Amino acid sequence: MSLGPRGGIAYFSRFGVDEALIRHTLATALAHGGEYADLFFQHSVSNSFGLEDGEVNRAFASVELGVGVRVVRGDQTGYGFTEDLTREGLQAAARTAAAIADGPAREVPQRFHVSSGLPSRYQVRQRWEDVRPEQKLPILNEVNQRVFASDPRVRKVSIGFSDQASAILIADSTGRIVEDVQPMTSLYVSCVAEQNGKREAGGYNVAARSDIGYYNPDRISRVVKEAVERTVILFEAVPAPAGEMPVVLAAGSSGILLHEAIGHGMEADFNRKGVSIYADKIGKPIAKSFVNIVDEGTQEGARGAINVDDEGNVAGRTNLVQDGVLTTYLHDTISAKHYGVAPTGNGRRESYQYAPMPRMRSTYMLPGPHRREEIIASVKKGIYCSNFTNGQVQIGAGDFTFYVKNGYMIEDGKLTRPIKDVNIIGNGPKVLEKVDMVSDDLTIDEGGWTCGKDGQSVPVSQGMPTVRVASITVGGQATKG
Amino acid sequence: MKEIAHGAVAIAKAKGASEVAVRAYRVRDVSVQWRDGKIEQINESTTRGVGLQLYVDGRYSAVSTSDLRPDALDVFIGDSVAMTRTLVVDPFRALPDPKLYAGQASVDLKLADPDYPTVTPETRRRLAREMEEASRSVPGAGAILSVTTGFSDTRAEMLRVTSNGFEGGRVDTSFWTSAQVTVKDADGRRPEDWSAAGVRFIGELPPVAEVGRDAAERALARIGSAKGDSTVLPMALDNRAAGRMVGALLGPLHGQVLQQKRSFLDGKLGTVVGSERLTLADDPLVVKGFASRLFDGEGLAARRMPVFDRGVLKTYFIDTYYGRKMGVEPTTAGSSNGAWALGDKPQAELLADMKDGILVTGFLGGNSNGTTGDFSFGVQGYRIRGGQIAEPIGEMNISGNQTDIWKRLAAVGNDPYSYSPGRTPTLVFDGVQFAGN
């Protein structure tokens, strides 16, 4: 990043943002004695195209430009935001945020330092603003044609292609300025098939912090194949059983179990408030010694990857569970200070309209000592879950669920009949204790997962090797016999 | 706002759009979150922006921006028109028929409280603090680990202007109080529950102490919850939770999923979908309702419509585009307030009648497949024995099919949940599959 007339500010100088404006706003933010203040500027440009009934016949675009002003005193936060990036607009937001504190004004840094040497984790050879619609539209048309050609039972196909570039600038009262431009792209295909008067809908989606090169022939072929296969297999599905039984989770998006069963409960805001079932459990054994769970933002191109979090901290790798022992919470600046540890780069927010809080990035379990075949063979009667749509958790009680879209019965150690549409429910710590086999086939899912918390959505990734949960409740329709 | 909306219409026309609809909005949100004796977070903001639906030579796009600097808006709309030109012509895209704009109900919906400006930061803090005090005043409060309460108020203003003659706006206010309480269980679990109340007029808020106490009592009642056996039992669905089940029934009534063949209610108009107890209208004209409106998202004059009458499906929610695609008249782009034909008993009497079953007070995750009607939801609540609330149950699941469960609707309470647009009463279903041990 080159130094220039705006004091090293690169992207946001086009909106008139300079050091003088930042200093002036921070001075107002700290006028009542806040301990810390930061500004979060964001300019996000998103475009998407939709295909329905055989044609790309709709497009969507949005621009979000705004700035959030935060003032922190201890665990307390004052927050205001505005879309009006003038001096007056920023002053109003800063006055709002400043009201959290009640004391003499604090000093604002005279000089700011623009952070350089940030990691580079996004795969961008061509910026999305330079990609023409003519480069994107053939992707949708090709996928549509190939899905229809794959299976005569397919009746309807809808496809969405999206890209986004979100530029952020964080300036704080320690004199630090951090800029980042975060790309994202996603492609979803959903299809409806019909057989003997019955209809089923299914689909597949992929997402990454990448450029148009992400859509290589291999990926397109996989998107087509998965979308069709996940739909037409539903015609053969039988109702899943109801009750407690062994469950084998396939490698990949089964990471949703970690996200719900432990990830949210390890977000440090819930723990500093004492409302998580994992509060006061750091250093205690929680799972078998071969269970290791991490949350990181470092995997190049992953949907959950970030160079820096939305507080300007470099996102690293955090060990939630190491050798079966609960190790580290996921921190933002406030919780890190509360616990007297370094921030872990988990301070994230949906946009300038929200204050940051501890959030996951890419959460997965490391490979273990078992083999997939061995795990399936070990189950006499249970289910195998391969695709998921959504999950939820109660932070304090620890109960969590995840919804299985596709899976199989396991009978006498073999995958037999397909199953569909079944919710699985368990209790976080109890289920982690029951993870008794972990395979060596870790897969990070390529799907477009989005995590919601307190009304804020952020993109995440998740992954898993094949694992066995010795016993968990399957919400099927037939009481087990 | 008027200036921005009309300005955007003019720019779009000048850039080559044949037709355009613009929605401009401005929303002021203020909230205070209070936790364990002090403020946790205060938020205050006014957000604004503009959204456009562009019809360019038979092609369609929908775009929005919060960057309202005149030069930026001009470039954005110009770029959007150019992007729209790259699409395929879609003969079904058009603004609504202007005759559907006519005939708005002449009723004062009373959506905006004139007292809104009088709410002060001190009031918000005091209400949040009093809610916590009420939570901590209930019997058994010694088990409380943490109380988070909140007060928030919103004033939202919107204006819709189209190039074929529609202009309509709305201002509404809302005020919400909420409390969330976490308690200590013997085995290290920290069960939580919540309560909330929201109104259009601040003077109509129930006493905040009621909300605080309700949250604490609900959380304390969760202590010792356990998984029950897998079984088939009658289910009473608490009024504040029932909206989830109703939503799974209403979603498949929308034009897009019908036309795209992903609705289990496709072809079911005029047929029996539920029991005689299922009588539900969509009523956008409820005075002070949370989803009340004189015109819908497309500007169509809003009217009350029966959705189910004694179990028979009476209408779909069809917007202009999918109506043209399906060759039917549009009804409305989306549902508004629910208006149930209520029963005559409160929940306690319904439970007494049920004798043996499960009262579900909350859902946890799960999903409903709109194409087939298959559903599977995590649930918590209480076992009902001898018509009385007995032990708390959790970590359980219900499953079935929408086409079957609504035929099992056995009773409807007299207690619509007024803090959500669905206004759903307690619902009782026979023979529901529960999964547990």
Side-chain angles (χ1 to χ4, degrees), chain A residues 55-66 75-83 96 99-100 133-134 137 155-156 158 192 199-201 242-244 273-277 353 355 389-392 394-399 401-403 421-423 425-427 473-477 479-480, chain B residues 35 38-49 60-68 76 80 83-84 86-88 90 121 145-146 182 188-192 222 225 227 230-231 260-262 364-367 369 371-372 374 376-378 380 394-400 433 435-437:
Chain A
E55 291 178 311
V56 184
N57 49 22
R58 62 204 65 190
F60 307 93
S62 74
V63 171
E64 286 181 89
L65 175 66
D75 290 353
Q76 299 173 285
T77 300
Y79 199 79
F81 69 84
T82 181
E83 283 92 12
T96 295
I100 193 68
E134 293 78 6
L137 300 176
R155 294 287 307 279
K156 291 279 188 185
S158 62
V192 178
R199 286 176 194 161
E200 292 284 0
E244 279 193 38
K273 297 174 186 176
V275 301
S276 166
I277 196 163
Q353 299 193 354
T389 56
N390 56 293
Q392 200 182 347
Q394 291 174 329
I395 301 301
D399 288 359
T401 69
F402 53 94
Y403 190 83
D421 289 309
V422 62
N423 202 36
I425 186 161
N427 187 271
T473 296
V474 176
Q477 298 193 32
T479 306
K480 67 182 168 179
Chain B
R35 179 176 66 86
K38 61 176 188 176
I39 287 178
E40 174 78 8
Q41 192 167 116
I42 54 170
N43 285 273
E44 181 173 343
S45 61
T46 301
T47 182
R48 82 276 192 284
Y60 173 80
S61 71
V63 303
S64 65
T65 181
S66 71
D67 184 359
L68 301 185
F76 176 71
S80 297
M83 174 184 71
T84 311
T86 67
L87 300 169
V88 173
D90 187 343
L145 289 169
S146 181
T182 302
R189 286 185 296 166
R190 300 174 180 226
E192 62 265 62
R222 300 302 309 152
S225 86
K227 199 188 306 193
S230 300
T231 182
Q260 288 294 304
K261 299 187 183 297
R262 47 180 79 238
L364 183 65
N367 212 327
N369 179 335
T371 307
T372 62
D374 293 320
S376 184
F377 294 116
Q380 66 175 36
E395 208 185 320
M396 293 188 75
N397 204 87
I398 61 167
S399 59
Q433 172 75 57
N437 289 315

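Sequence lines set the chain letters: A, B, ... in the order given, protein chains first and strands last, and positions in each chain run from 1. Computed from a predicted model, the values in this text were never measured in an experiment.
- Of all non-hydrogen atoms in A:R199 and B:K261, the two that sit nearest each other are CD-O, 3.4 Å.
- In this structure B:N367 satisfies the side-chain contact (heavy atoms from CB on, under 4.5 Å) test together with A:T389, A:N390, A:Y403, sequence neighbours excluded.
- The contact between B:S376 and chain A is made by backbone and side chain atoms together, counting heavy-atom distances below 4.5 Å.
- With a 4.5 Å cut-off on side-chain heavy atoms, A:F81 and B:T47 count as touching.
- Inter-residue side-chain proximity for A:Q477 and B:D374 is flagged as met; some heavy-atom pair is nearer than 4.5 Å.
- Nearest heavy atoms, A:G476 versus B:A435: N-CB, 4.4 Å.
- No other option in B:Q41, B:R222, B:Q260 has as many heavy-atom pairs under 4.5 Å with chain A as B:Q260.
- Nearest heavy atoms, B:I39 versus A:Q76: O-NE2, 2.7 Å.
- In this structure, the separation between CZ on A:F402 and CG on B:L364 is 12.0 Å, given to the nearest 0.5 Å.
- Interface residue A:A355: only side-chain heavy atoms are found under 4.5 Å from chain B.
- For the residue pair A:T96 and B:I42, the shortest heavy atom distance occurs at O-CD1, 3.8 Å.
- Just one of A:V63, A:T82, A:L65 meets the side chain to side chain contact (heavy atoms under 4.5 Å, CB included) condition when paired with B:S66; it is A:L65.
- With rounding to the nearest 0.5 angstrom, the CD atom of A:E64 is 9.0 Å from the OG1 atom of B:T65.
- Residues B:L87 and A:V56 form a side-chain contact, since some pair of their non-hydrogen atoms from C-beta on lies under 4.5 Å apart.
- Atom CD of residue A:E83 and atom OG1 of residue B:T46 lie 9.0 Å apart, to the nearest 0.5 angstrom.
- Rounding to the nearest 0.5 angstrom, the gap separating the CG atom in A:D399 from the CE atom in B:M396 is 11.5 Å.
- Residues B:T372 and A:E200 bring no donor and acceptor atom of their side chains to less than 3.5 Å of each other.
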- Going through the checks in order, is the side-chain hydrogen bond (donor to acceptor under 3.5 Å, both in side chains) test met by B:T86 and A:E134? CA-CA 8 Å; B:T86 67; A:E134 293 78 6; 5.8 Å; no

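- Annotation for A:Q392 and B:G365: closest pair OE1-N, 2.7 Å, computed over non-hydrogen atoms.
- Chain A forms the most heavy-atom pairs under 4.5 Å with one residue out of B:G366, B:P191, B:G49, B:G378, and that residue is B:G366.
- Within the 4.5 angstrom heavy-atom criterion, atoms from both the backbone and the side chain of B:R48 approach chain A.
- B:K227 NZ to A:I425 CD1: the interatomic distance, rounded to the nearest 0.5 Å, is 8.5 Å.
- Looking only at heavy-atom pairs under 4.5 Å with chain B, the residue among A:I277, A:I395, A:V192 that has the most is A:V192.
- One N or O on the side chain of B:R190 and one on the backbone of A:G274 form a donor-acceptor pair closer than 3.5 Å.
- Interface residue A:L137: only side-chain heavy atoms are found under 4.5 Å from chain B.
- Neither the backbone nor the side chain of B:T84 comes within less than 4.5 Å of any heavy atom of chain A.
- Looking only at heavy-atom pairs under 4.5 Å with chain A, the residue among B:I398, B:L145, B:V88 that has the most is B:V88.
- When A:G66, A:S158, A:A201 are compared by the number of non-hydrogen pairs under 4.5 Å with chain B, A:A201 comes out ahead.
- Listed here is the closest heavy atom pair of A:D75 and B:R35: OD2-NH2, 4.0 Å.
- The side-chain hydrogen bond (donor to acceptor under 3.5 Å, both in side chains) with A:Q394 is formed by just one residue from the set B:E192, B:Q380, B:E395; it is B:Q380.
- Counting heavy-atom pairs closer than 4.5 Å to chain B, the top-ranked of the candidates A:V275, A:V474, A:V422 is A:V275.
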